[in-house]
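Reviewing the structure listed below.
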Amino acid sequence: KSYGDQARAFFRKLQTEYPDSAYALFLAGESKAQHAQYQAALELYEHAAGQTPTVPGLQAAITDAQRANGGTPTARSSEAGRESAAADCSRDPAACDFAAGRYDAVIAEVKGSSGAESLFWLARSYKALADRACAEVRGLPESVESHAFAAQSLSAEGTPCSGPNGPPA
C-alpha cells in the first residue's frame, strides 16, 4: 500500500472507532482546510478544542483557519498555540518527532498501540510521508511515469499527488 492509502486507512479506522474524538475532528478539519473550506474547518477545530485543547497542532490550525476566514486570530488561540507546541514536544515523543519531520520514528513509536491518539499519529505521519513523496516526484523531470503517478494520485485522492490529509472530504 502507498503512504496515502495507509493514511486514509488509519483515518477511516479513527473515524469508525472514535468518530467524536478530538483527534478525528482535527483531521476532518484539516481535510476541510485543504479544500479551502475554512469556516467548516474552524468549526471542527473549535469542537475538537472544546474536548482536548492539547491535541498537537490544533491551536495553530485554529489560528490559520481564523486568518483564512479573514479574521484576526484571538490572542488566546495564538498564545495557546505557542504554549501547546512547546508542551507537546517536552512530554510527547511522537509530537517531537512529527515536528522534526521524523515520520518513520512516529510510526515506529505508535504502531501496535491502540486508541484514538495512536491512529491520529499514524494517519498524520503517513499523510506527511505521502506529501514528501509527492514533492519529490514533482521535482523530477517530466516523464510518462511521473504523469502516470499523478493520474493515479488524482484517481485515488481527487487532486494530483496531494496526499490524503487523513480523509478525503
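The shown structure was predicted, so the numbers you read here are calculated from the model rather than taken from an experiment.
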Would you say the side-chain atoms of E43 and Q39 include a donor-acceptor pair closer than 3.5 Å? yes
Please name the pair of heavy atoms, one in A33 and one in A41, separated by the smallest distance, quoted to 0.1 Å. N-CB, 3.7 Å
For the side chain of R132 and the backbone of G101, is there at least one donor-acceptor N/O pair under 3.5 Å apart? yes
Between atom CD of E30 and atom CG of L58, what is the distance when rounded to the nearest 0.5 Å? 9.5 Å
What distance do R102 atom CZ and S125 atom OG have between them, rounded to the nearest 0.5 Å? 11.5 Å
Roughly how far, to the nearest 0.5 Å, is the CZ atom of R124 from the CG atom of L14? 12.0 Å
Any chain of hydrophobic side-chain contacts (each under 4.5 Å) joining W121 to L25? no
Please say yes or no: joined through hydrophobic side-chain contacts below 4.5 Å, possibly via intermediate residues, are L122 and V55 part of one cluster? yes
Nearest heavy atoms of Q51 and S21, plus distance in Å: OE1-C, 3.6 Å
Donor-acceptor contact below 3.5 Å, side chain T52 vs main chain A48: no
Minimal heavy-atom distance between K111 and Y126, with the atoms involved, is NZ-OH, 3.2 Å
If you look at every heavy atom in A116 and Y23, which pair is closest and at what distance? CB-CD1, 3.7 Å
On a heavy-atom basis, the closest approach of A123 and F11 is CB-N, 4.0 Å
In this structure, OG of S118 is separated from OH of Y18 (nearest 0.5 Å) by 8.5 Å
To the nearest 0.5 angstrom, please state how far the CZ atom of F10 sits from the CG atom of L27. 12.5 Å
Taking only residues at least two apart or on different chains, which pairs with a member in residues 43-72 satisfy ring pair (Phe, Tyr, Trp, His ring centres under 6.0 Å)? F26-Y45
Exam field: side chain E117 to backbone V110, donor-acceptor pair closer than 3.5 Å: no
Does any N or O in the side chain of E46 come within less than 3.5 Å of the main-chain N or O of I62, such that one atom is a donor and the other an acceptor? no
When you look at L129 and D104, which way does the side-chain contact (heavy atoms from CB on, under 4.5 Å) test go after all the steps? CA-CA 8 Å; L129 287 168; D104 289 323; 3.6 Å; yes
What pair of heavy atoms forms the shortest contact from N69 to Y38, and how long is it? OD1-CB, 3.3 Å
